[in-house]
Amino acid sequence: MENSDRAVPPLTSSLGPRRGRGPGPLTAKRAAILELLVDQPEPTTLAALVEASGLHPNTVREHLDGLVAQGWVHRFRQEPSGRGRPAWLYEAVEGREQQEYAGLAAALAASIARTSPTPVATAVAAGEEWGHELARNREATPSTPTGARDEVVSLLGEIGFDPDRAAERPDLVRLRRCPLLEAAHRHRDVVCGVHMGMVRGALTEYGADPEGTALEPFAEPGACLLVVPPLPADPA
């Protein structure tokens with residue numbers, strides 16, 4: 001749902017999601033984990049953080065998952081060496097890096113809007129490539145339709161959209177945060193087109209049919225609405 005003739009809400013509007021950072025201040029333990037990461041000279045494993053913090057591994061993992069979802073921490077796989085699956089590495093995302101990323105995204109969105117004869121189609125195509133790459137980085141394997149949906153919603157959480165499945169509709173997901181909110185206000189069709197394409201690309205990578213996926217930006221107070229098409233029955 002592009003709705004390109006719809007007026008772009010002003011920055012003070014109550015419609016749409018909030019910025020990509022997580023809700024409210026960090027708890028003391030979560031802030032302590034983040035501080036440990038900031039002090040590290042290089043990306044760090046869960047095991048090292050457990051040892052440094054003295055907390056239970058499940059507690060540290062829970063805090064790290066929250067920091068990743070809130071946009072404070074980046075998670076990626078360690079380079080493989082020998083047998084076995086490589087460990088996850090974690091590193092703090094500095095505020096300046098966030099600002100530079102948002103500024104670059106806004107500049108790219110402006111360029112697409114200005115130079116492409118079909119800016120929304122260009123944005124969606126770029127987003128699809130991004131979605132494929134994100135899913136591959138999560139070691140995506142073909143799944144059932146329900147499994148594919150679950151993985152994509154989880155992915156959206158990891159990159160800062162704070163997704164919330166709508167209880168009233170199984171095909172509806174509320175995106176309560178946006179990592180590129182300012183850019184989306186300036187170039188809504190392009191930025192939101194990239195995000196919709198990303199969902200389509202990730203669904204495809206997980207083996208699901210993306211036909212019918214749609215995104216309605218700034219649809220209601222506190223959220224954009226993502227429609228993931230109705231699912232066929234999973235095979236027995």
Say whether [X] and [Y] are linked into one hydrophobic cluster, either directly or through other cluster members, by side-chain heavy-atom distances under 4.5 angstrom.
X: Met196; Y: Ile112; result: no
X: Val60; Y: Leu34; result: yes
X: Leu89; Y: Leu155; result: no
X: Val124; Y: Ile159; result: yes
X: Val194; Y: Leu156; result: yes

What is the minimum heavy-atom distance between [X] and [Y], and which atoms define it?
X: Thr213; Y: Arg200; result: O-NH2, 3.0 Å
X: Ala184; Y: Cys178; result: CB-SG, 4.5 Å
X: Gly160; Y: Arg177; result: O-CB, 3.4 Å
X: Val190; Y: Ala123; result: O-CB, 3.2 Å
X: Ala208; Y: Ala148; result: CB-CB, 3.6 Å
X: Val173; Y: Pro163; result: CG1-CB, 3.7 Å

Atom [atom1] of [X] and atom [atom2] of [Y]: how far apart are they, to the nearest 0.5 Å?
X: Arg174; Y: Arg169; atom1: CZ; atom2: CZ; value: 9.0 Å
X: Leu180; Y: Arg186; atom1: CG; atom2: CZ; value: 11.0 Å
X: Arg75; Y: Leu64; atom1: CZ; atom2: CG; value: 9.0 Å
X: Leu108; Y: His187; atom1: CG; atom2: NE2; value: 10.5 Å
X: Thr141; Y: Arg136; atom1: OG1; atom2: CZ; value: 14.0 Å
X: Glu62; Y: His56; atom1: CD; atom2: NE2; value: 11.5 Å

Main chain of Asp162, side chain of Arg176: is a donor-acceptor contact present, judged purely on distance under 3.5 Å?
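Confirmed, Arg176 side chain pairs with Asp162 backbone.
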Pairwise side-chain contact, [X] with [Y], heavy-atom cut-off 4.5 Å (strictly under):
X: Tyr206; Y: Arg138; answer: yes
X: Asp150; Y: Arg165; answer: yes
X: Trp72; Y: Arg30; answer: no
X: Leu175; Y: Leu215; answer: yes
X: Phe76; Y: Glu91; answer: yes
X: Pro145; Y: Arg149; answer: no
X: Gln78; Y: Trp88; answer: no
X: Leu55; Y: Ile33; answer: yes

According to the interplanar angle, ranging from 0 to 90°, do the rings of Phe161 and His195 count as parallel (below 30°), tilted (30 to 60°) or perpendicular (above 60°)?
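Judged by the thresholds at 30° and 60°, the geometry between Phe161 and His195 is perpendicular.
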Side chains of His132 and Glu205: is there a donor and an acceptor less than 3.5 Å apart?
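Present: a donor and an acceptor within the cut-off.
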Sequence neighbours left out, what pairs pass side-chain hydrogen bond (donor to acceptor under 3.5 Å, both in side chains) with at least one residue falling in residues 39-50?
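Sorted result for residues 39-50: empty, none.
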What pairs of residues pass the side-chain hydrogen bond (donor to acceptor under 3.5 Å, both in side chains) test when at least one of them lies in residues 107-125, not counting sequence neighbours?
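Sorted result for residues 107-125: Ser116-Thr122.
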Return the set of residues passing salt bridge (charged side-chain N to carboxylate O under 4.0 Å, His left out) with Glu128 (not counting sequence neighbours), or none when no residue passes.
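Applying salt bridge (charged side-chain N to carboxylate O under 4.0 Å, His left out) to Glu128 gives none.
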Answer yes or no: does atom CD of Glu211 have more than 12 heavy-atom neighbours from other residues, nucleotides or ligands under 6.0 Å?
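Incorrect, the count does not exceed 12.
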